[in-house]
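Order of listing sets the numbers, starting from 1, for every ligand and every atom in it.
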Amino acid sequence: MKTQLTHMVSWAHRLLAEVLQPGDLAVDLTSGNGHDTLFLWRQVGVTGTVLSFDLQPQALIASAQRLRAEGAVVVCGEGIDAATAGVRFVLADHAQVNDYLITAPQAAIANLGFLPGGDQTLVTRPQSTLAALRALCARLVGGGRIAVVAYSGHPGGREEGELVERFCAELPPEQWRTIKLTTLNRRDAPWLMVLEKKMHHQ
Ligand SMILES: C[S@@+](CC[C@H](N)C(=O)[O-])C[C@H]1O[C@@H](n2cnc3c(N)ncnc32)[C@H](O)[C@@H]1O
């Protein structure tokens, strides 16, 4: 199917789909309404695991509903480890992602900003976003990818995205490939950053 050229989430999904296999572990740093978690779960399948974080209970409730309706085994909070297949929703700051990673993930997504339809002042913040990205970078498998979709339409959004950009730009090129995808003719459009950890000796 043709991807809508400027729809960054679709490109994020396409680029993550290339590195995800049934049985893998994937992480959604911002569960929100569950669309990205559902995408990840479809890639890793019934034998795979998705860890999905949000600070807002209503986001996790909506996401859990969406995933259950699609037939996923869903666990909220404690009770599933990374060796158990299914979707684990975690009501916690994604800065703590490392505490929940029992094995190395193949892919992660961070769709930044606020919950669509929810409180627009409860947004992702640079400090926790960068802490989560640092932790994920350390744990990601070789060949794995992390996608970050940034938004400039809310206060602090552009600055947060630019800090993520700087973080990506400072990753050593011997170990990382990084790209940025932007819309050229719309100033406030979302943009996408993707990081790929190189395999050894590549
Ligand atoms: C743009 S929405 C995510 C959209 C979602 N991925 C989807 O598919 O619908 C951003 C979400 O990040 C959550 N969030 C903000 N700061 C967070 C943090 N530090 N840790 C975890 N979640 C956070 C918000 O509550 C909000 O639901």
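Heavy atoms from other residues, nucleotides or ligands lying under 6.0 Å from CD of Q96 number more than 12.
N33 and R66 share no side-chain donor-acceptor pair at under 3.5 Å. Remark: the T3 side chain and the R14 side chain contain an N/O donor-acceptor pair separated by less than 3.5 Å. At a cut-off of 3.5 Å, with distance as the only test, a side-chain donor of Y151 or N111 sits close to an acceptor on the other residue. Between the side chains of E196 and T178, no donor N or O sits under 3.5 Å from an acceptor N or O.
Neither the backbone nor the side chain of I109 has a heavy atom within less than 4.0 Å of ligand 1. Of all the heavy atoms of A92, the ones lying under 4.0 Å from any atom of ligand 1 belong exclusively to the backbone. Neither the backbone nor the side chain of Y151 has a heavy atom within less than 4.0 Å of ligand 1. At a 4.0 Å heavy-atom cut-off, ligand 1 does not touch A132 at all.
Close approach of ligand 1 to L29 is summarised as follows: ligand atoms under 4.0 Å from at least one heavy atom of the residue are 21 (C), 22 (N). The N111 neighbourhood of ligand 1 comprises atoms 1 (C), 2 (S), 3 (C), 6 (N), 10 (C), with distances under 4.0 Å to a heavy atom of that residue. Set against the non-hydrogen atoms of D93, the atoms of ligand 1 under 4.0 Å away are 18 (C), 19 (N), 20 (N). Within ligand 1, counting atoms from 1 as listed, the ones closer than 4.0 Å to a heavy atom of S128 are 19 (N). Here is the list of ligand 1 atoms found below 4.0 Å of a heavy atom in G34: 7 (C), 8 (O), 9 (O). Close approach of ligand 1 to G113 (heavy-atom distance below 4.0 Å) involves ligand atoms 10 (C). Of all the atoms in ligand 1, the ones that sit under 4.0 Å from a non-hydrogen atom of G32 are 3 (C), 4 (C), 5 (C), 9 (O), 27 (O). Counting the atoms of ligand 1 from 1 in the order shown, those under 4.0 Å from a heavy atom of S31 are 5 (C), 6 (N), 7 (C), 8 (O), 9 (O).
Using a 4.0 Å cutoff on heavy atoms, V149 does not count as a contact of ligand 1. For the pair T129 and ligand 1, no heavy-atom separation below 4.0 Å is found.
Taking atom 27 (O) of ligand 1 as the reference point, the nearest protein heavy-atom neighbour is D54 OD2, 2.7 Å. Protein heavy atom in closest approach to atom 21 (C) of ligand 1: H94 ND1, 3.3 Å. In terms of protein heavy-atom proximity, atom 3 (C) of ligand 1 is nearest to T30 O, 3.4 Å. The protein atom (non-hydrogen) at minimum distance from atom 15 (C) of ligand 1 is T124 CG2, 3.5 Å. Protein heavy atom closest to atom 2 (S) of ligand 1, with residue, atom name and distance, is F114 O, 3.3 Å.
Across L136, T129, I109, a single residue satisfies side chain to side chain contact (heavy atoms under 4.5 Å, CB included) together with L29, and that is L136.
The backbone N or O of A108 lies less than 3.5 Å from no partner atom in the side chain of R145, so there is not a single donor-acceptor pair.
Closest approach of F167 to R134, counting heavy atoms only: CE1-CG, 3.6 Å.
For F53 and F89, the distance between ring centers is not under 6.0 angstrom.
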Subject >> Derivation and outcome, side chain to side chain contact (heavy atoms under 4.5 Å, CB included), residues I146 and C137 >> reply: CA-CA 8 Å; I146 303 171; C137 282; 4.0 Å; yes
Subject >> Candidate pair D24 and T47, rule side chain to side chain contact (heavy atoms under 4.5 Å, CB included), full reasoning >> reply: CA-CA 8 Å; D24 281 352; T47 57; over 6 Å; no
**OP:** Please step through side chain to side chain contact (heavy atoms under 4.5 Å, CB included) for the pair V27 and V97, ending with a clear verdict.
**Re:** CA-CA 9 Å; V27 180; V97 59; 4.1 Å; yes
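A salt bridge links K180 with E165: the distance from a Lys NZ or Arg NE/NH1/NH2 to an Asp or Glu carboxylate oxygen falls below 4.0 Å.
Between N33 and ligand 1, an N or O atom pair is found at a separation short of 3.5 Å. Any N or O atom pair closer than 3.5 Å counts here, and R125 shares no such pair with ligand 1.
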